[in-house]
Amino acid sequence: MTIAADVQRHMQDSSWIRRMFELGIQLKQERGEANVFDLSLGNPVVEPPAQFFDELRRFADHHAPGAHRYMPNNGYPDTRQAVADALSAETGLPYGPQHIVMTVGAAAALNIIIHALCDPGDEAIILAPYFGEYLFYALEHRAQPVVIPCDQNFTPDLEELERKLSPRTRLLILNSPNNPSGAMYSQSTIDAIAELLERKSAEFNTDIFLVSDEPYRKILFDNLQYPFPQQRYQRTITVTSHAKDLGLPGDRIGYLALHPHYEAGPALLDALVFCNRVLGFVNAPAIMQHLVRNLQNVTIDIADYQTKRDYLYNTLTDAGYNVRKPEGAFYMFPQSPVPDELQLVEALQRHGVLVVPGRGFGMPGHFRISYCVHQHDLEGAAPGFQAALQELTQ
Ligand SMILES: Cc1ncc(COP(=O)(O)O)c(C=O)c1O
């Protein structure tokens, strides 16, 4: 069997989370399920809200004929209208159904956008720490990922960003609240990025797009308001999904939204819809489009995640870890107490706790904990966090 060399290389480089997943299965077999605390995956244990099941029942009992046929590749007009109305209410911008493409999750939206915007060798800016798949989405479409580091506070190095923006830069992916750090970029960071992209687009006579990947935007704590990059920058393409805010990762439903004031919107939209089709997604799942139409203002229980964030944050800081308190999502990204975070990850494994090394997210020296798990798993992991730190720092 011949596998493309690029794909082989990318598979090898992308294996951190998968390795943890496989190790988890092995450890559970060896030690028993109850003694392994798998905090490595962003696969929420929460069930979707009751309204989702109400919609599902209503759909099964009352759906109109033709509800499972092909449809326009951007999705049902009434679903796009509902999405546009909700996004307009959130952002204060006049989104309409013509700005929306329903997609097979946020992952499909990102792939469609990169494919539509990038010729081979064009550049996609990614801020580290990043969702590891971004690199491979870019590479699989023959775009060049350009990584910009953030400081310990997860604020991007804007001078480095300015240096790295080039006539070949087609897009910058901004993910807030962030996977893996849980950090939400501040309004001033967003203003500064928008100003820079505006200035450089004018200088190079190009359109540099800000792809705002927001699957966690509704999972925000402490009553924080979400600073929308769309309010600041007209070449923003919103990407999101209901994987996390409705707890539906397996059902593959999300959307992208073009900024209503972007002047070349109709042409770009045609290109995005074309890419949705020829990359083989064709359209987002019909049933899910029927269901999420009436769920745009529903979310899972954010208070539960906030309680877990507080529990984990207190556990880690009491034990002596250095960690920035997340503002949203359901991840924490503490500093490793030793420079090589693999040593810590292995020490945690010995105590039955699975986390992912920071190098999988472009920021070695840290590790990612997912707390979208049951509270008893967080409590079960707590002694392991203490013991591993003691072991390495004695
Ligand atoms: C930052 C980020 N973007 C995109 C995705 C993909 O989301 P989806 O399952 O909706 O494709 C994820 C999934 O974990 C994510 O964390």
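Every number for a ligand or one of its atoms is a count from 1 in the order of the listing.
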Set out, in order, the CA-CA distance, both residues' side-chain angles and the distance that settles ring-ring contact (aromatic ring centres under 6.0 Å, His included) for Phe209 and Tyr262, then state yes or no. CA-CA 10 Å; Phe209 285 90; Tyr262 176 58; 5.2 Å; yes
Determine, stepwise, if the pair Val36 / Leu354 fulfils side chain to side chain contact (heavy atoms under 4.5 Å, CB included). CA-CA 8 Å; Val36 179; Leu354 301 181; 4.2 Å; yes
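A donor and an acceptor atom, one from each side chain of Arg277 and Asn283, are nowhere located under 3.5 Å apart. His366 and Glu341 share no side-chain donor-acceptor pair at under 3.5 Å. In the model, Thr238 has a side-chain atom that pairs as donor or acceptor with a side-chain atom of Gln230 under 3.5 Å.
Within the 6.0 Å centre-distance limit, the rings of Tyr226 and Phe228 are counted as a close aromatic pair.
Every protein residue with a heavy atom nearer than 4.0 Å to ligand 1 is included here: Gly105, Ala106, Ala107, Phe131, Tyr134, Asn175, Asn179, Asp213, Pro215, Tyr216, Ser241, Ala243, Lys244, Arg252.
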